[in-house]
Amino acid sequence: MHRTLLYAKIHNCTLTAANVNYVGSITIDQSLLDAAGILVHEQVHVVNVANGERFVTYVIPGVANSGAIELNGAAARLGVVGDRLIVMSYAQFQPEEATNHEPRVVFVNENNCIVEIRG
């Protein structure tokens, strides 16, 4: 049996762009992806703190240290620039792995610069 646990989270990041004329996904600054351990094309759950929207998409990399957090395609309709988002990835663990797992949480400021990393 596998258990599904939070693997990594980018907490309270600020939406910097929304582009409905794109194929889809969420663009995230590569330095934030690296800090969280989230891979390019990985499935993520996104929560918009401003309006309560929740959706699932995949990650594409943004320029490192740019602060980019951009909703693309249909997801662009689920937020406006300035909204605060939480981006989460999940992973499957064996029970013995699950008991010791600590998710990586990346906290950012209003400019999406890393202020703290836990886990």
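Computed from a predicted model, the values in this text were never measured in an experiment. Counting begins at 1 with the first residue of the sequence.
- When side chains are defined from C-beta on, Val59 does not count as touching Leu39, because their heavy atoms never get closer than 4.5 Å.
- At distances below 3.5 Å, not a single donor-acceptor pair connects side-chain atoms of Arg104 with backbone N or O atoms of Ala36.
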*asked:* One pair to check against side-chain contact (heavy atoms from CB on, under 4.5 Å): His2 and Gln94. What are the steps and the verdict?
replied: CA-CA 5 Å; His2 287 93; Gln94 291 289 343; 3.1 Å; yes

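- Classified by interplanar angle (parallel below 30°, tilted 30° to 60°, perpendicular above 60°), the ring pair His41/Tyr58 is tilted.
- Both Phe55 and Ile28 are part of a single hydrophobic cluster, where members link through side-chain heavy atoms under 4.5 Å apart.
- Without hydrogens or angle criteria, Thr14 side chain to Glu110 main chain gives a donor-acceptor distance under 3.5 Å.
- Residues Leu85 and Ile114 fall within the same hydrophobic cluster, defined by Ile, Leu, Val, Met, Phe, Trp and Tyr side chains chained together at heavy-atom separations under 4.5 Å.
- Closest of all the heavy-atom pairs between Gly79 and Ala18 is O-CB, 4.2 Å.
- Applying the side chain to side chain donor-acceptor pair (under 3.5 Å) rule to Arg118 yields the partners Glu116; only residues at least two apart in sequence or on another chain are considered.
- Of the possible polar contacts, one joining the Asn51 side chain to the Leu78 backbone as a donor-acceptor pair under 3.5 Å is found.
- By the criterion of side-chain heavy atoms lying less than 4.5 angstrom apart, applied directly or through intervening Ile, Leu, Val, Met, Phe, Trp or Tyr residues, Phe107 is not grouped with Met88; the two fall into different hydrophobic clusters.
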_Test side-chain contact (heavy atoms from CB on, under 4.5 Å) on Tyr7 and His101; report intermediate values, then the result._
CA-CA 8 Å; Tyr7 179 75; His101 172 69; 4.1 Å; yes

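- Among all heavy-atom pairs drawn from Ala8 and Ile38, the shortest one is CB-CG1, 3.9 Å.
- The two residues Thr27 and Gly62 come nearest to each other via the heavy atoms CG2-CA, 3.6 Å.
- In summary, of the residues considered (Val56, Leu6, Val87), a side chain to side chain contact (heavy atoms under 4.5 Å, CB included) with His45 occurs for Val56 alone.
- A pairwise comparison of heavy atoms in Val108 and Arg84 identifies O-NH2, 4.3 Å as the closest pair.
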*Apply side-chain contact (heavy atoms from CB on, under 4.5 Å) to the pair Asn112 and Asp29, showing each step before the final yes or no.*
CA-CA 9 Å; Asn112 297 327; Asp29 175 324; 6.0 Å; no

